[in-house]
*Asks:* 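Take this structure first; my questions come after.
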Amino acid sequence: MTRRSKLLSLVLRHSPQTIGLQLDAAGWANTEELLACLARSGKAMSLAQLQAVVASCTKQRFAFSEDSRRIRANQGHSVTVELQLDPSTPPDALYHGTATRFLDAILAQGLQRQKRHHVHLSASVETASVVGRRHGKLALLRVDAAAMVADGHVFYCSDNGVWLTDAVPVAYLQRL
Ligand code: HQG
């Protein structure tokens with residue numbers, strides 16, 4: 001299951017061309033075409049296996065369209081897609097987990113989106129901690145989202161509850 005989820009992340013977020021797949025402007029792939037491209041690339045997956053990955057993924061990384069004919073990743077892309085999310089008002093505080101080795105750069109430049117489309121923020125310290133530990137020794141930052149909203153920064157919430165924004169200047173960051 002994890003292997004299939006990673007494969008879907010690769011083709012739906014970062015590198016659809018590795019299996020000859022095309023995403024539309026909003027990041028959707030045709031479900032049948034995805035399965036056909038996977039099969040042609042020697043990475044065959046059945047529709048039932050694909051549905052199981054989408055349903056079982058605790059982070060809801062992927063979503064089918066209502067008619068199930070299309071599938072996309074909910075966030076995390078490096079390829080150019082326009083997810084067409086509506087701006088949304090976040091909780092007053094959001095959290096970002098990172099590794100201690102990035103702190104000097106972050107506290108000099110603010111949070112930048114790096115290879116992704118947005119900076120990813122969490123509504124809970126717990127989720128931010130899990131995200132941060134992926135990178136090494138955990139460092140937690142509190143983001144003053146209320147002040148950012150007051151100053152005109154725009155936030156989006158992905159379908160799986162990840163808060164997204166273009167960048168977080170240093171003034172809104174506090175080390176926890
Ligand atoms: C750091 C996972 C130096 C940033 C997670 C992070 C999330 C800077 C790393 C989603 C910096 C980028 C995203 C600066 C930011 N200088 N380092 N100025 N600004 N950074 O993986 O937020 O499993 O692109 O702190 O659960 O860790 O893929 O972002 O450590 O939701 O579904 O640069 O990815 O979801 O790392 O994680 P990432 P992230 P999935």
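Quantities reported herein were computed from a predicted structural model and do not represent experimental measurements. Just follow the structure's listing: the first ligand is 1, and inside any ligand the first atom is 1. Position 1 is the first residue of the sequence, and the numbers go up from there.
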*Asks:* Is any side-chain heavy atom of Gln75 closer than 4.5 Å to one of Arg13?
*Replies:*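 The answer is yes, as the side chains (C-beta and beyond) meet within the 4.5 Å cut-off.
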
*Asks:* Which protein residues come within less than 4.0 angstrom of ligand 1, counting heavy atoms only?
*Replies:* Arg13, Lys59, Arg61, His96, Thr98, Phe102, Ala105, Ile106, Gln109, Gly110, Leu111, Gln112, Gln114, Arg116, His120, Val131, Arg134, His135

*Asks:* If you count heavy atoms of other groups shown closer than 6.0 angstrom to CD of Gln22, is the number above 12?
*Replies:* no

*Asks:* What distance separates Thr100 OG1 from Leu138 CG, expressed to the nearest 0.5 Å?
*Replies:*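 Thr100 OG1 to Leu138 CG: 8.5 Å, rounded to 0.5 Å.
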
*Asks:* Side chains of Asn74 and Gln60: do they bring a donor and an acceptor to under 3.5 Å?
*Replies:* no

*Asks:* Within this structure, what is the NE2-OG distance for the pair His117 and Ser158, rounded to the nearest 0.5 Å?
*Replies:*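 So the gap between those two atoms works out to 13.5 Å.
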
*Asks:* Please work out whether the ring planes of Tyr156 and His118 are parallel, tilted or perpendicular, with thresholds of 30° and 60°.
*Replies:*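 The rings of Tyr156 and His118 sit tilted, inter-plane angle from 30° to 60°.
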
